[in-house]
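Read the structure below first, then the notes.
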Amino acid sequence: MSTSSLISQDTIIALATSPGANGAIAVIRLSGSEAISLVNQVFKGKDLSKQASHTVHFGTIRDGEQIIDEVLITLFVGPNSYTKENVVEISTHNSKYIIERIIGLLIKKGARAAKAGEFTLRAFLNGGMDLSQAEAVADLIASNSAASHQIAMQQMRGGFSNQLQKLREDLVHFASLIELELDFAEEDVEFANREQLRSLIQEIHQVISKLIRSFEQGNVLKNGVPVVIAGKPNVGKSTLLNALLNEERAIVSDIAGTTRDTIEDEINIHGVTFRFIDTAGIRDTEDVIEAKGVERTREKMKQARLIIYLFDPTQDYIAAVQSQIEEVRSLNIPFVTIINKSDLLSEGERMEYAVLNPIYISAKQGLGIEELKDELLNQVNLSNINTEDVMVTNIRHVEALQHTQEALEKVLYGIDNPITSDFLAMDIRQALQYLGEITGTVTTDDLLENIFSKFCIGK
Ligand code: GDP
């Protein structure tokens, strides 16, 4: 890794806590060989250069004689730190003015403002974590449900990488045996038992297939299940959407200090996020231009992983409902049949619709909503997912796994249709290359910049 041009000797600085937040305390973080000596120049208290790692010190930050703030300094002496470099965290009072003064002061002394993700980039470049773990740090910060949190935590702690590392080692072993054969080409020897190689490749192929398959569910857990609420105009789509979202907002706003400003049109059912797509279309009452509307609804439904199909029994007879259901069924996407406005139905009328096995709700009166939620969970069938299992949630990883798979298939072909050892070795090396791209054993600066630029500054 030491060849990367992204390696820098600068000591970097950034606010590690969220800018503009209302909390009492802010944390400014520095990393680099000069981190401790720079802070020492502006800190009045103990001599930080003489203190042990993992200790906390009270004192003041001064610009000349002027006290800027009373602070706590936490010291991490490299390599025992997140970045493996010297790291200093300064806990200040959370004032924009104080933060800017302290960061400005330390930049004047020689620190440089950190770029997005630069702390974690250093952790990766200095061997503190592999690439998939570094990416999991970003996922962890973004996680907003129990499921996405657990997957990110598992990946950050190395579950995913460990599994790949083991596979890589087995493959490397065979690649080197085959390369050894090349040195003895004249003698026509086989160091690498082809049968053993075949069964190893098949085993790896199976594990990777499982990882690739886990992506669909992993992705859903991480980003939410895309759901569409569909049905003819006036069946109560927007009333239902509001009922689901309002209940959620009410629950969440009970927790002091939380807001849902940033998470629009999502609900969380037992740790799984459901994301309602194209809700603008539902709210927009102009959407009712008939012929076009139908086509658009179809397009919209195709983007969903789950469809909530609503009927208004005061508007449609059972035959009409049945023909609509057939149409939805033809999309091959799981759907839930909902009879809305159940408050207007008599018991006898209810019986008529029972053949459809629907869920009866009244969006307006909030009846049947819990049953609907249970059914949503049931439909995505997440109960059989064990989030302790290794799960792939990153599209970059899936692509690399797919490429690995193709290379492995070539190796298998090579074993069955005798090709020379050098070609076989090449295909194995190719598979190793793709596997290495996931953990960062093999990487390019472009890839790293692309990954770390998506981080927040200070991480
Ligand atoms: P959309 O066009 O499908 O989004 O339908 P709306 O949500 O705008 O609802 C159409 C009309 O049906 C409105 O007047 C709602 O108040 C009414 N409505 C929606 N849900 C119910 C319900 O459960 N019971 C009753 N009685 N009326 C409802």
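Source: prediction; values computed, not measured.
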Non-hydrogen atoms of [X] and [Y] that approach each other most closely:
X	Y	answer
Ala304	Ile333	O-CG2, 3.6 Å
Ala14	Ile103	C-CD1, 4.4 Å
His54	Phe76	NE2-CD2, 3.8 Å
Leu171	Ala431	CD1-CB, 4.2 Å
Gln379	Pro334	OE1-CB, 3.5 Å
Val27	Leu15	O-CD1, 3.4 Å

Any donor-acceptor pair under 3.5 Å linking the side-chain atoms of [Y] with those of [X]?
X	Y	answer
Gln202	Gln206	no
Ser95	Arg101	no
His403	Gln433	no
Glu266	Thr273	no
Tyr82	Thr120	yes

A side-chain contact here means heavy atoms from C-beta on lying under 4.5 Å apart; do [X] and [Y] qualify?
X	Y	value
Ile318	Tyr353	yes
His205	Ser209	yes
Leu197	Leu424	yes
Asp416	Arg198	yes
Glu89	Ile73	no
Val336	Tyr309	no
Leu401	Phe215	no
Leu244	Lys373	yes

Practice prompt. Go through the steps to decide whether Lys232 and Asp316 satisfy the test salt bridge (charged side-chain N to carboxylate O under 4.0 Å, His left out), and finish with yes or no.
Written response: CA-CA 10 Å; Lys232 297 213 292 197; Asp316 269 330; 3.2 Å; yes

Practice prompt. Walk me through it: do Gln322 and Glu326 pass the test side chain to side chain donor-acceptor pair (under 3.5 Å)?
Written response: CA-CA 6 Å; Gln322 271 165 330; Glu326 282 319 308; over 6 Å; no

Discussion item. Side chain to side chain contact (heavy atoms under 4.5 Å, CB included) for Val87 and Leu30? Distances and angles first, verdict last.
Written reply: CA-CA 6 Å; Val87 169; Leu30 293 94; over 6 Å; no

Item to complete: Could you tell me which residues satisfy salt bridge (charged side-chain N to carboxylate O under 4.0 Å, His left out) with Lys115, sequence neighbours excluded, listed by chain and number?
Response: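 Per chain and number, Lys115 pairs via salt bridge (charged side-chain N to carboxylate O under 4.0 Å, His left out) with no residue.
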
Carboxylate-amine/guanidinium contact [X] [Y], below 4.0 Å:
X	Y	value
Glu100	Lys96	yes
Arg396	Glu135	yes
Glu118	Arg112	yes

Exam field: side chain [X] to backbone [Y], donor-acceptor pair closer than 3.5 Å:
X	Y	answer
Asp130	Ser132	yes
Glu349	Ser346	yes
Asp427	Ala407	no
Asn126	Lys84	no

Could you tell me the separation between the [atom1] atom of [X] and the [atom2] atom of [Y], rounded to the nearest 0.5 Å?
X	Y	atom1	atom2	answer
Gln303	Ile277	CD	CD1	4.5 Å
Asp374	Ile269	CG	CD1	8.0 Å
Ile229	Ile338	CD1	CD1	9.5 Å
Ile204	Gln405	CD1	CD	9.5 Å
Ile308	Met301	CD1	CE	13.0 Å
Leu106	Ile90	CG	CD1	5.0 Å

Practice prompt. Carefully, step by step, assess Val235 and Phe311 under the rule side chain to side chain contact (heavy atoms under 4.5 Å, CB included).
Written response: CA-CA 6 Å; Val235 294; Phe311 299 95; 5.7 Å; no

Item to complete: Return each pair, listed once, that meets side chain to side chain donor-acceptor pair (under 3.5 Å) where at least one residue sits in residues 329-341; pairs must be two or more places apart or across chains.
Response: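 Residue pairs with at least one partner in residues 329-341: Asp312-Lys341.
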
Worksheet item: Taking only residues two or more places apart in sequence or in another chain, which ones pass side chain to side chain contact (heavy atoms under 4.5 Å, CB included) with Ser342?
Response: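 Once residues adjacent in sequence are excluded, the partners of Ser342 under the side chain to side chain contact (heavy atoms under 4.5 Å, CB included) criterion are Arg350, Tyr360, Ser362.
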
Worksheet entry | Phe274 and Phe276: CA distance, side-chain angles, deciding distance, ring-ring contact (aromatic ring centres under 6.0 Å, His included) verdict | CA-CA 6 Å; Phe274 291 81; Phe276 294 102; 7.7 Å; no

Fill in: Stepwise side chain to side chain contact (heavy atoms under 4.5 Å, CB included) test for Asn94 and Ile99
CA-CA 7 Å; Asn94 187 17; Ile99 294 163; 3.5 Å; yes

Discussion item. Applying side chain to side chain contact (heavy atoms under 4.5 Å, CB included) to Val88 and Thr74, what does each step give before you reach the verdict?
Written reply: CA-CA 6 Å; Val88 178; Thr74 311; over 6 Å; no

Discussion item. Looking at Ile25, I want to see if its CD1 is surrounded by more than 12 non-hydrogen atoms of other residues, nucleotides or ligands under 6.0 Å.
Written reply: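 No, because the 6.0 Å sphere around CD1 of Ile25 holds 12 heavy atoms or fewer from other groups.
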
